[in-house]
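Quick note on labels: first sequence line is chain A, next is B, and so on, each numbered from 1.
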Amino acid sequence: MAENTQMNERQREAMEWTEGPELILAGAGSGKTRVLTHRIAYLIREKQVSPWNILAITFTNKAAAEMRSRVDALVESGAEAIWVATFHASCVRILRRFIDRIGYDNHFSIYDSDDQKAAMREVMKKLNIDPKQLRERSVLSAISAAKNEMIDSERYEREAADYLETRIAACYRAYQDLLRKNNALDFDDLLLKTVQLFEADPDVLAYYQERFRYIMVDEYQDTNTVQFRFVELLAKKYRNLCVVGDDDQSIYKFRGANIKNILNFEQAFPGAKVVKLEQNYRSSGNILDAANGVIQNNEGRKDKRLWTAAGRGEKVQLRRYASAAEEAEQITEEIKVRCQDGAYGRFAVLYRTNAQSRILEERFVAAGIPYRLVGGVNFYQRREIKDVLAYLKTVANAADDLAVQRILNVPKRGIGAATVSAVGSFAADREISFFEALREAPASGIAGRSSEKIQRFLNLIAVFRRESEKLPIADLIRLVLEKSGYQEALKEEGDLEAQARMENIEELISKAVDFERDLSDVSDRAEEGLPADLPPLDRFLEEVALVADIDRAEEGERVTLMTLHAAKGLEFEEVYISGMEEGLFPGNRSIDDSEEMEEERRLCYVGITRAKQRLSLSSAKSRIVNGELRFHRESPFLAEIPEELIERQKSARINDDPLPASGAHRSSSYSGQPKPAAFGKIFQVEHMKTLPYEVGDRVRHARFGVGSVLEIKDGKQDFEVTVEFDELGRRKMLAGFAKLEKLTS
DNA sequence: TCGAGAATTGTTTTT
DNA sequence: CAATTCTCGA
């Protein structure tokens, strides 16, 4: 929505209420970000509030960045002083400064989910718990749930009701000890420790209460109990708390989001002003009514109904296909037909699970339609990136045993599991860190034959540490790659995958360059009187820990492919939601649980309301899930859309054999059956015969620049394309990975 | 100690 | 189906 259009009455009312608690119930597409940003500008301009006293909290980095730039555009001066950050980033900032007050070291590492898994594995080994009996995953999620509810390990132990919980309690305690020993916090700890800090140290709390006199929280329906407490504590003194949310868009229950936070806001903050934003500026009437039709089946929601001044628009398209392959093919085809002007950015294809993206991607590549895949495997989770980061972490925080262990034998140095466990138990005996144990190992003969190799490793790290003092991070990474032999090992592998890894590392390096440039630009920390002693490397690692994905340049017009969750907060002219099937969306687990069903329904509501002009919902009669062919009926949500809004089409390829009755078996899996001959034959992708370019074409690569295609070879999974780049010379790459763009000139 | 091949296992969704 | 873990031979 354009920033300069007039605000409607409700929006203005919400904006102008600045003193005391306020709940803004902002339906999808009702302009809530607009209200928030204008409210900030209003506080500063009309109410003479210092930007310094404003805190705006979001959930995602994307949302924070978006809000930041819109506020910057609106506020003429002093905008940098406004704190706009995610919950996690805010907490890190506070903890870096004050966590020593509750007995931690300010230089803590932040563990991501992989680190957590590794830590838990170690814990369970130590406690002699069979990982088959009790999965580390489920222990971790139990711990996470506990932390979200602010239950520490002691209390968990006390309240453990059965044997299983007792075991988990033991893991919890040991896990927490391990993190503590490694000087690390996990994501949940960031919030929990901040709240504990506030509760333990009135001075710190008072400092931040005074600082943040005006607090705004976006996506309030997604807050969990710790987050609520965090906000509640901060707002306690001035009570200028404004939360914006939509209970119908609460889709993160699995992550501890407590929908009661929004439903009971008025009880928690008596005298709260409540404003409902119900006018939708995004979708056409039919789409909006479809959304309303679905969501009204949920109970226990705040009463509201979105309306629009726009016309009916096109009807909602409902499609039924014979197979997931056909679905993907038809969606691709339709987009191609509907997009004559090449403005592919208008389209998005949404789905329930990331696994569904692959089949779509294949078709997009085959059709030569540019697309952008959001989510999936995080950039920072890739092996090579984690390896490099582990080197950096080792340099920055030698107490981070996990990082040290990760790189000790990467690349291969002939230091194996036997040595690691010997050094590990040596470290445990002496109560020293793994790294220190490594240092002493050669002398005390612990490591035996590996002593020399360990010594070489230690020297390597010592060099890095020395150099890290004076080198920019990017150069340090290059040094690590070279001296550690990592680069050479990759080169030796020599295949395209190795090259892709190298490219990713290059991307990390350029990220580091950007980071340090930004750092020298404006340092918002400096003016806050933060001890400037936090070295750039530490800050870089911190940033990287809190950012899920690298923001790849969004150059060019591309169709967006992403999960429904990732789509929240976005909008597109035309939206395709694929896989509208019972058993997939809603998932099998949700079907006999009404709370889960409501969550899925909200997710469906979120998906529908992303569409501005045209919405297409499709399902496939058969689809391969986890390697087995499954048959699904249409999602029950489709039946909740009023018939008169719908335009239906059914694939001619569907035969009308009835599907088995629903209650018969919960998973309608037919895995044992022989495949009908029709499958595979008809839908076989004729091996991506169509790349959008051919030999001799001029193409552009996101980073390598412009070049000419020399050769296209039919590889195992993808085409191998050789390009002669003008600047960088000859490179071989996978077509799917390199995403080359044909130049028309 | 390491790599290749076999076996097994799993799914939501993410800061 | 694909990613991870396991097992075994060298």
Side-chain angles (χ1 to χ4, degrees), chain A residues 57-64 85-92 110-114 116-117 121 131-132 135-138 141 144 147-148 185-191 218-219 222-224 226-227 249-257 324 350-359 362 374-378 380-383 408-421 448-450 453 493 543-549 562-568 579 583-591 596 599-600 602-604 606-607 623-630 667 671 717:
Chain A
I57 296 185
T58 64
F59 271 81
T60 64
N61 295 293
K62 206 167 57 183
T86 63
F87 273 104
H88 296 270
S90 306
C91 289
V92 169
I110 300 168
Y111 276 9
D112 69 10
S113 53
D114 284 345
Q116 287 180 288
K117 237 173 83 192
R121 195 177 308 169
K132 285 198 176 110
R135 287 178 224 295
E136 62 206 16
R137 238 182 71 76
S138 59
S141 70
S144 173
K147 286 180 176 177
N148 286 159
L185 301 182
D186 65 22
F187 279 123
D188 301 314
D189 283 336
L190 296 177
L191 282 147
D218 193 13
E219 304 284 9
D222 289 328
T223 49
N224 60 34
V226 216
Q227 288 162 339
Q249 293 188 65
S250 168
I251 54 175
Y252 284 109
K253 197 179 109 196
F254 71 95
R255 218 168 66 189
L350 311 180
Y351 36 79
R352 181 67 240 265
T353 66
N354 272 313
Q356 291 166 253
S357 70
R358 210 182 46 86
I359 191 164
E362 281 172 6
V374 177
V377 201
N378 276 339
Y380 292 108
Q381 309 245 82
R382 291 166 200 267
R383 199 212 307 162
L408 181 57
N409 198 31
V410 176
K412 298 269 178 297
R413 300 189 175 87
I415 307 175
T419 311
V420 171
S421 84
R449 301 186 292 285
S450 306
K453 297 167 187 163
E493 279 180 47
E543 153 120 350
V544 156
L546 292 177
V547 174
D549 223 329
M562 63 185 157
T563 64
L564 289 152
H565 281 86
K568 192 167 74 155
L584 185 66
F585 183 30
N588 271 322
R589 282 156 296 277
S590 314
I591 283 173
E596 292 283 319
E599 174 115 340
E600 297 277 306
R602 289 192 290 269
L603 191 55
C604 182
V606 166
R623 148 181 336 261
I624 293 169
V625 182
N626 290 350
E628 69 181 12
L629 185 64
R630 298 206 308 189
S667 92
S671 58
Q717 334 148 349

Give a yes or no answer on whether the side chain of A:N409 reaches the backbone of A:I415 with a donor-acceptor pair at less than 3.5 Å. yes

Looking only at the side chains, is there a donor atom on one of A:T563 and A:N354 sitting less than 3.5 Å from an acceptor on the other? no

When you check the phosphate oxygens OP1 and OP2 of B:dT13, does a side-chain N or O of A:R589 lie under 4.0 Å from one of them? no

Polar side-chain atom of A:E628 near backbone of A:V625 as donor-acceptor pair, under 3.5 Å: no

If you measure from the ring centre of A:F254 to the centre of the six-membered ring in the base of B:dT13, is it under 5.5 Å, with the planes under 30° apart? yes

Determine the interatomic distance between P on B:dT11 and the same-named atom on C:dC6; round to the nearest Å. 15 Å

Among B:dT13, C:dA2, B:dT15, the nucleotide that comes nearest once only the side chain of A:R358 is considered: C:dA2

Quick test of your reading of the model: are A:E599 and A:K253 salt-bridged, counting only N-O distances below 4.0 Å? no

A:N148 has an atom CG; how far is it from atom P of B:dT13, in whole Å? 18 Å

A:S113 vs B:dT15: side-chain N/O to OP1/OP2 distance below 4.0 Å: no

Salt bridge present between A:K147 and A:D186 (N-O < 4.0 angstrom): yes

Sort out for me which residue in A:D222, A:T60, A:L603 forms a side-chain contact (heavy atoms from CB on, under 4.5 Å) with A:K568. A:D222

When rounded to whole Å, the CZ to C1' distance for the pair A:F59 and B:dT14 reads 11 Å

Aromatic ring of A:F187 stacked on base six-ring of B:dT15, 5.5 Å, 30°: yes

Would A:L408 and A:V420 count as a side chain to side chain contact (heavy atoms under 4.5 Å, CB included) here? Give the steps. CA-CA 9 Å; A:L408 181 57; A:V420 171; 4.0 Å; yes

Tell me the interatomic distance from A:Q116, atom CD, to B:dT15, atom P, rounded to whole angstroms. 14 Å

Quick check: on DNA chain B, is the nucleotide nearest A:E596 upstream (toward 5') of the one nearest A:A417, or the reverse? Name the residue that is more 5'. A:A417

Can you find a heavy atom in the side chain of A:Q356 that is under 4.5 Å from one in the side chain of A:F585? no

Phosphate contact (B:dT15 OP1 or OP2) by A:N224 side-chain N/O below 4.0 Å: no

Tell me which nucleotide among B:dT13, B:dT15, B:dT11 gets nearest to the side chain of A:A355. B:dT11

Where do N or O atoms of nucleotides 8-10 of chain B meet protein N or O atoms at under 3.5 Å, pair by pair?
| from | atom 1 | to | atom 2 | distance (Å) |
| --- | --- | --- | --- | --- |
| B:dG10 | OP1 | A:R135 | NE | 3.2 |
| B:dG10 | OP1 | A:R135 | NH1 | 2.6 |
| B:dG10 | OP1 | A:R135 | NH2 | 2.9 |

List every contact pair, protein side and nucleotides 7-10 of chain C side both N or O, where the distance is under 3.5 Å.
none

To the nearest Å, give me how far apart CG (A:L185) and P (B:dT15) are. 19 Å

Cationic N near anionic O, under 4.0 Å, A:D112 to A:K117: no

